[in-house]
Amino acid sequence: MQNDAAIIARVEEILDAHQGMEGPLLPILHAIQEAFGHVPQASLPLIAQNLNLSRAEVHGVMSFYHDFREAPAGRHVLKLCRAEACQSMGADRVADHARKALGIEWHETTKDGAVTLEPVFCLGLCACAPAAMVDGRVVGRVDEARLDSLLEEVR
Ligand code: FES
């Protein structure tokens with residue numbers, strides 16, 4: 001876990017790198033999440049001050065967009081598509097199987113810190129439903145057996 005001083009130093013670098021950009025809040029939040037794996041609380045007042053926004057505005061934007069995390073994820077992130085095309089091809093079954101196999105619910109991380117499970121609403125892979133994303137890699141036609149082998153790969 002990085003301490004606040006290290007976080008602040010890195011966030012200041014990121015803020016400097018975005019000076020003068022128009023509409024910089026989302027790019028800054030992306031860069032911070034890329035650096036830390038989540039957007040640390042300690043960065044919010046710095047962003048607010050730098051962009052002349054209130055902390056509530058920054059927090060509101062950050063919590064509106066689901067891609068930004070307030071806490072670190074596990075070592076791997078498994079996203080399962082919950083949208084219509086995937087549902088029509090058995091995504092519910094796959095999701096039940098995933099929750100049981102991992103012993104966690106949506107947005108939770110396994111006790112060993114290996115996997116965070118998240119819903120996602122369409123990955124643009126509707127023709128290869130049900131779709132999943134593992135650490136940013138999309139995978140199609142995920143049935144229970146495919147899910148098991150994906151989980152074996154990352155655990
Ligand atoms: S509905 Fe699942 S990828 Fe589009």
Side-chain angles (χ1 to χ4, degrees), residues 1-2 7 10-11 13-15 17-18 21-44 47-48 51 53-155:
M1 198 58 161
Q2 277 159 306
I7 291 174
R10 184 74 186 97
V11 168
E13 280 173 18
I14 291 170
L15 290 169
H18 289 79
M21 179 186 260
E22 234 176 273
L25 181 52
L26 292 181
I28 286 170
L29 290 172
H30 275 294
I32 290 175
Q33 176 146 304
E34 173 118 2
F36 302 104
H38 69 295
V39 180
Q41 277 296 320
S43 64
L44 300 184
I47 302 171
L51 301 183
L53 298 170
S54 71
R55 275 189 214 194
E57 282 171 300
V58 177
H59 186 262
V61 169
M62 142 107 203
S63 52
F64 177 81
Y65 291 102
H66 294 165
D67 277 347
F68 297 124
R69 305 175 186 289
E70 293 189 21
R75 291 189 295 285
H76 303 281
V77 177
L78 170 65
K79 293 182 192 251
L80 293 179
C81 179
R82 308 292 298 128
E84 286 79 359
C86 288
Q87 275 184 29
S88 75
M89 294 299 284
D92 281 347
R93 253 186 10 246
V94 176
D96 287 347
H97 184 75
R99 294 192 341 263
K100 208 179 287 167
L102 294 167
I104 53 175
E105 285 302 319
W106 299 112
H107 304 290
E108 291 181 354
T109 300
T110 52
K111 279 204 188 69
D112 60 2
V115 184
T116 299
L117 178 65
E118 291 185 340
V120 63
F121 294 88
C122 195
L123 289 163
L125 217 64
C126 314
C128 302
M133 190 185 240
V134 185
D135 297 337
R137 176 172 61 101
V138 286
V139 192
R141 305 202 198 292
V142 180
D143 58 10
E144 287 92 325
R146 189 98 197 261
L147 185 86
D148 285 341
S149 54
L150 287 174
L151 291 178
E152 256 167 48
E153 274 174 37
V154 297
R155 290 193 99 180

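From a predicted model like this one, the values you see are computed outputs, not experimental measurements. Note: hydrogens, waters and symmetry copies are ignored here, and every other heavy atom, side chains too, is used. Remember, it's 1-based here, ligands and their atoms both numbered in the order they're listed.
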Aromatic ring proximity, centroids under 6.0 angstrom, H30 and F68: yes
Distance filter under 4.0 Å to [X] heavy atoms, resulting ligand 1 atoms:
X: A85; result: 1 (S)
X: C126; result: 1 (S), 3 (S), 4 (Fe)
X: G124; result: 3 (S)
X: L125; result: 3 (S)

Identify the residue among D92, V120, L117 that makes a side-chain contact (heavy atoms from CB on, under 4.5 Å) with L80. L117
Hey, is the main chain of W106 close enough, under 3.5 Å, to the side chain of E118 for a donor-acceptor pair? no
Any donor-acceptor pair under 3.5 Å linking the side chain of T110 with the backbone of A114?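 Indeed, once roles are kept as given, a pair shorter than 3.5 Å links the two residues.
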Counting only heavy atoms, tell me which of C81, A129, C128 gets closest to atom 1 (S) of ligand 1.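 Heavy atom nearest to atom 1 (S) of ligand 1 belongs to C81.
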In the protein, which heavy atom is nearest to atom 3 (S) of ligand 1, and how far is it?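 Ranking protein heavy atoms by distance from atom 3 (S) of ligand 1, first comes L123 N, 3.2 Å.
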For ligand 1, is any non-hydrogen atom under 4.0 Å from C86's backbone (N, CA, C, O), its side chain (CB onward), both, or neither?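 Both parts.
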Please determine if R93 and D143 form a salt bridge, counting it only when a charged side-chain N lies under 4.0 Å from a carboxylate O. no
Look at E144 together with K100 and state whether they make a salt bridge at an N to O cut-off of under 4.0 Å. no
